[in-house]
Amino acid sequence: MKELSGPIGMNILVIGSGGREHALVWKIRQSPRVSQVYCAPGNGGIAGLAECVDIKADDISGLLKFAQERSIDLTVVGPEVPLVMGIVDIFEKAGLKAFGPSKAAACLEGSKAFAKEFMTRHCIPTAEYGSFDDILQGREFLKQCQYPLVVKADGLAAGKGVIICQDKAEAEEALRSIMFDHIFKDAGKRVVIEEFLVGEEASILAVADGNDFIILETSQDHKRIFDNDLGPNTGGMGAYSPAPVVTPVLMGRIAETVIRPVVDGMRRDGVPFKGILYAGVMVTAEGPKVLEFNTRFGDPETQAVLPRLKSDIVDMMLGSVEGRLATMKLEWDSRACVCVVMAAGGYPGDYASGKEIQGLSDVGDDAVVFHAGTKQEGGRIVSSGGRVLGVTALGQGIAQAIAQAYAAAGKIGFDGVQYRRDIGRKALNRT
Ligand code: AMP
Ligand code: GLY
């Protein structure tokens, strides 16, 4: 056997409670470097793989205290809120390693106006836009716009801060609701108004260490609640990887016109980017354009990407934290992966919780069920969120991955369950 060089017996803390964090914990547990994994706060599925600790993801001082008491060697931050609050800076100042961007670098996600200004300055392709903290100036700008257009709250709004407007009246209403009625609270103190882009979306995730980066395998999310991309937006109803809309030529173009300029630009601006850079890209007739940046793993994309990663994810994360990515490579499974999200009835609107989930033990080895909104209650697993499970399968080609994921989903049930039946169909249509 090959000797393992570098750290062993590591204690890892994962922060978050969704399907993304379940997939992260599942992958981290496969690392021979790891001895103990904690998750704060975790969920009913994560509890089977890690010790869940009852500390909220935005309780930074509570998390720091826990990490110090338990001699955590690496903290992995799942969601955006603690990143934007500056958790990585605070942990590093205390001498602890944390995977993710600094507070200043997380502005790429935390402020859409910052991201747009950055892209303009570094010639990164994106929709034309204006940004306003004054409603009257925003209304004036609307007069010279073409429709449809998109009005976005500047700050974090849990993926809900985007309103697509068909005409000027709708755009004025959107401005009023964000800047006057404060429907997104402080996130709407400033708005970005941008050109509506037409095309197919893809999620490009790269891991960066401030100087260098490695692009992960591609994926595609399914944002709308119903089949054929109908109905309201959700946190994501399913994902698959790879996304064939991103051909090798297109990938090269995205690397050179988006990912490299972000990593180089942030470094030159004095805010080196470490962690996961997620570019939501629209493949338009004019080429790829950035819809948004996230500064963390996507959910559910992570659930479709990590099962394909053959390399040790802890090595990858240490490479990012310690600035060693230039000498590293990631190995991938050539199979396709599909994740079908099973959601509570009524989601993304009001939904009921506490529904017992049946059939989890009937799922065989062909699939993995990542838990998103679940908890353990007296020996049962019950729902506790809008997105409840991410049923994930690999396959030789996308058709087999789709078939295996849906076969597994068919074995699971809970009162009111809803899920899309067309996850992966766009990829199937391209093959
Ligand atoms: P965001 O949170 O910025 O990614 O926006 C959420 C979703 O809104 C995206 O995944 C797109 O489906 C849609 N969207 C955002 N910006 C635009 C745009 N400029 N043109 C068309 N669709 C958009
Ligand atoms: N899947 C979209 C996101 O993670 O924001």
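All ligand and atom numbering here is 1-based and tracks the order in the structure.
Residues Leu63 and Ala40 approach most closely at CD2-CB, 3.6 Å, considering heavy atoms.
For ligand 1, the atoms sitting less than 4.0 Å from at least one non-hydrogen atom of Lys112 are 2 (O), 3 (O), numbered in the order shown with element in parentheses. Those atoms of ligand 1 that come under 4.0 Å of a heavy atom in Lys152, given as number and element, are 3 (O), 15 (C), 16 (N). For ligand 2, the atoms lying closer than 4.0 Å to a non-hydrogen atom of Gly298 are 4 (O). Atoms of ligand 2 lying under 4.0 Å from any heavy atom of Asn294, numbered from 1 in the order shown and given with element: 3 (C), 5 (O). Counting the atoms of ligand 1 from 1 in the order shown, those under 4.0 Å from a heavy atom of Phe196 are 20 (N), 21 (C). Which parts of ligand 2 touch Asp221 is read off a 4.0 Å heavy-atom cut-off, strictly below it: atoms 1 (N), 2 (C). Each of the atoms 17 (C), 18 (C), 19 (N), 20 (N) of ligand 1 lies under 4.0 Å from some heavy atom of Val150.
Not one N or O on the side chain of Ser311 forms a donor-acceptor pair closer than 3.5 Å with the backbone of Leu330. Listed for the Gln400 side chain is a donor-acceptor partner under 3.5 Å among the backbone atoms of Gln396.
The heavy atom nearest to atom 12 (O) of ligand 1, considering only Glu201, Glu109, Lys223, is found in Glu201.
Atom 14 (N) of ligand 1 has its closest protein heavy atom at Leu291 CD2, 4.1 Å. Of the protein's non-hydrogen atoms, the one nearest atom 5 (O) of ligand 2 is Arg296 NH2, 2.9 Å. Here the heavy atom of the protein found nearest to atom 2 (O) of ligand 1 is Glu292 OE1, 3.4 Å. Among protein heavy atoms, atom 2 (C) of ligand 2 sits closest to Tyr278 OH, 3.4 Å. Closest protein heavy atom to atom 8 (O) of ligand 1: Val162 CG1, 3.6 Å.
With rounding to the nearest 0.5 Å, the separation of CZ in Arg308 from CD in Glu331 is 12.5 Å. Atom-to-atom distance recorded for Tyr351:OH and Ser383:OG is 8.5 Å, nearest 0.5 angstrom.
When ring centroids are compared, Tyr278 and Phe297 stay outside the 6.0 Å threshold.
Between Glu301 and ligand 2, at least one N/O pair is under 3.5 Å apart. The shortest N or O to N or O distance between Glu194 and ligand 1 is below 3.5 Å. Looking at ligand 2, you won't find any N or O of Arg20 less than 3.5 Å from one of its N or O atoms. Taking only nitrogen or oxygen atoms, main chain and side chain alike, Asp299 reaches within less than 3.5 Å of ligand 2.
Residue contacts with ligand 1 for Leu197 involve both N, CA, C or O and side-chain atoms from C-beta outward (heavy atoms, distance under 4.0 Å). In Glu195, the part holding a heavy atom less than 4.0 Å from any atom of ligand 1 is the backbone.
A salt bridge links Arg430 with Glu200: the distance from a Lys NZ or Arg NE/NH1/NH2 to an Asp or Glu carboxylate oxygen falls below 4.0 Å. Salt bridge Lys112/Glu194: absent, no basic N to carboxylate O contact under 4.0 Å.
Residues passing the side-chain contact (heavy atoms from CB on, under 4.5 Å) test with Ala343, sequence neighbours excluded: Met237, Tyr347, Gln418. Legend: residues meeting side-chain contact (heavy atoms from CB on, under 4.5 Å) with Asn11, ordered by chain and number and at least two apart, are Ser35, Gln36, Ser71, Ile72, Asp73.
Classification of the Phe370-Trp26 ring pair by plane angle, with boundaries at 30° and 60°, yields perpendicular.
Distances from ligand 2 to the non-hydrogen atoms of Lys223 include at least one value under 4.0 Å.
Residues Thr284 and Val198 fail the side-chain proximity criterion, which asks for heavy atoms closer than 4.5 Å.
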